[in-house]
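Below: one structure, written as structure tokens.
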Amino acid sequence: MLGFSQTREWVYPQSITGRFTTIRRWTFLALHLLLLITPWIVINGHPALRVDLPARRVFLFGTIFTASDTIFLLLVLWFLAFSLFFFTAVFGRIWCGYACPQTVFLESWIRPIELWIEGDRLTRRRRDAQGWTLDRAWRKAAKWSVFLAVSVFLAMAGMSIFAGARELWTGRAGPVEYSLTAIFTFFWFWDFTWFREQFCSYVCPYARFQSALADDESLTVTYITERGEPREAGRQAALDGRCIDCNKCVAVCPQGIDIRDGFQLECIQCARCIDACVSVMDKLGHPTLVAYGSIAESEGRKVRRWRPRTLVYGTILLAIVATGGTLLARRVPFEATVNRAPGSLYTVDADGSTRNTFLLQITNNDPGERPVRYEIEVSGLGSAQVLTEPLELASMESRTVPLIVRVPASSDLGRTTPFEVSVTGGDGEIVLHPTFKTGAEIGETGP
Ligand code: SF4
Ligand code: SF4
């Protein structure tokens, strides 16, 4: 108890090693590398990962997505949603135990720091029970100071994705970015020092709706009641391979629950209790009593990994991936729009030819360092003349140029004639469909 709450039962999880702890450590390391390094990697002059919200641009491993790529944003959101449905149906709350930032940061930073400054479970509990002493006070102050430094570091790392790592870490980002960093710092510090497992139990929406996503055939951490019960703290239970009630699976649990009580909403499936029971039962020469399994298995039923729910989610996921892949392969790395120039419907020249003036805007989204040359051609208007020069644009450059289309007097065009403007650049082409106006539309020779 730190004195913040009179009802809070503080959890002191014991340190543990084992197979699943090792797997989780490697997973955490990979996720940290993704978070800490990708915003710093530069590909073709742009960050490997950056979400530039004010400019509505996303830089992703050498590709620049803009507002005109909203379909990809939708596909990514659908992909994330159906991944969650699919992986929860198959593997239960694997996200919570292996990839949720709350778990990753608590396990990678906070628990090792706590162990280093305050000692293991029993020492921490004993000190906290003694009330405020000088020894306890300096350790708390030291621990919270390090937690604050970690909170700042992690908030900066997270904001680097949005504000740009170089800008943020060298003081060149704006006040909004630093204000948001301060808010995230405050959140992490509050979470690390006090809120912790309560977030999973009381706030996280995923914990609430996972029961709708998982079923009794989903993978979950379970206590094998048939082998474990009746539990007994005695020699006979140890010889039989039953639960010896050593409480180690409870001591290591970061959520403060007892897996032997059955499925609980608070369980984040971190598998620490499996490693704990393996370490106990190995010494007794028996298999673990806590393992990955399912409710169906524990009831003696067969588990189908592929069942209607997982088949539907899996098929939708595959369809999303296939659609995204196809669209990505056909994606053109520039944008082009054409609009009629304001106040100019058409103009009739002295030789009787008709001119329409448009504004053509081209934006180069190619991340390459060399400028891209764009050619403009018009078709569908017979012998029309296009009075626009090809233009060259650097990466991220956008320019609006007049596009003048001139049709000779001999052309027999109606009042409104659709035609095509083709813009080619790099390996792509965009075809636009404006209309050409002539005097026949309003029965005059000019506007
Ligand atoms: S019961 Fe086991 S799997 Fe669930 S949170 Fe506790 S230690 Fe992790
Ligand atoms: S660690 Fe295993 S033996 Fe010990 S209390 Fe938990 S289930 Fe029983």
Side-chain angles (χ1 to χ4, degrees), residues 9-25 27-28 87-88 91-108 110-111 120-122 195-204 206-208 210-211 214 218-295 297-298:
E9 199 168 316
W10 199 257
V11 179
Y12 299 88
Q14 185 180 323
S15 306
I16 185 71
T17 53
R19 182 170 158 228
F20 292 106
T21 306
T22 305
I23 294 173
R24 291 169 81 226
R25 279 197 185 132
T27 313
F28 298 162
F87 286 107
T88 305
F91 299 112
R93 286 176 71 174
I94 194 165
W95 161 263
C96 302
Y98 289 78
C100 172
Q102 156 100 354
T103 304
V104 174
F105 295 155
L106 275 174
E107 295 289 327
S108 308
I110 300 312
R111 298 206 203 289
D120 203 355
R121 167 187 165 85
L122 292 179
F195 206 54
R196 297 200 184 182
E197 76 284 352
Q198 298 178 104
F199 187 88
C200 312
S201 306
Y202 304 124
V203 179
C204 180
Y206 177 51
R208 311 266 150 245
Q210 57 136 357
S211 51
S218 304
L219 199 68
T220 184
V221 175
T222 49
Y223 169 64
I224 304 162
T225 318
E226 327 63 271
R227 282 203 286 109
E229 298 297 316
R231 70 188 76 162
E232 186 192 343
R235 186 175 151 74
Q236 192 54 49
L239 290 172
D240 295 347
R242 285 184 281 124
C243 172
I244 58 169
D245 213 8
C246 65
N247 243 23
K248 193 165 181 184
C249 53
V250 182
V252 299
C253 179
Q255 297 297 104
I257 59 173
D258 186 342
I259 190 66
R260 295 171 298 172
D261 293 343
F263 176 80
Q264 289 152 85
L265 194 69
E266 292 85 354
C267 176
I268 58 168
Q269 283 192 30
C270 63
R272 285 171 69 115
C273 51
I274 300 181
D275 283 339
C277 196
V278 166
S279 71
V280 172
M281 298 309 280
D282 258 5
K283 286 188 193 127
L284 301 176
H286 295 291
T288 177
L289 297 171
V290 185
Y292 274 113
S294 66
I295 296 171
E297 265 176 317
S298 65

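We count ligands from 1, going down the list as the structure has it; atoms in each ligand are counted the same way. Just so you know, these numbers use all the heavy atoms, side chains as well, and skip hydrogens, waters and symmetry mates.
- With a heavy-atom cut-off of 4.0 Å, N247 touches ligand 2 through its backbone alone.
- Protein heavy atom in closest approach to atom 3 (S) of ligand 2: I244 N, 3.7 Å.
- Because the distance cut-off is set at 2.8 Å, C277 qualifies as a neighbour of atom 2 (Fe) of ligand 2 through one of its N, O or S atoms.
- M281 contributes atom CE, which lies 8.5 Å from atom SG of C246 (distance to the nearest 0.5 angstrom).
- Residue Q255 touches ligand 1 through its side chain alone, judged by heavy-atom distances below 4.0 Å.
- Ring planes of F87 and F91: parallel class, angle under 30° (limits at 30 and 60°).
- In this structure the side chain of V278 never reaches within 4.5 angstrom of the side chain of F20, judged on heavy atoms.
- Near A271, with a cut-off below 4.0 Å to any heavy atom, the atoms of ligand 1 are 3 (S), 8 (Fe).
- Here the closest heavy-atom approach between residue V221 and residue Y292 is recorded as CG2-CE2, 3.6 Å.
- Distance from atom 2 (Fe) of ligand 1 to its nearest protein heavy atom, with residue and atom name: C273 SG, 2.2 Å.
- Per-residue contacts place C253 under 4.0 angstrom from the following atoms of ligand 1 (heavy atoms of the residue considered): 1 (S), 5 (S), 6 (Fe), 7 (S).
- Residue contacts to atom 8 (Fe) of ligand 1: C270 brings an N, O or S atom closer than 2.8 Å.
- For atom 5 (S) of ligand 1, the nearest protein heavy atom (residue, atom name, distance) is I268 N, 3.5 Å.
- Of all protein heavy atoms, the one closest to atom 4 (Fe) of ligand 1 is C267 SG, 2.3 Å.
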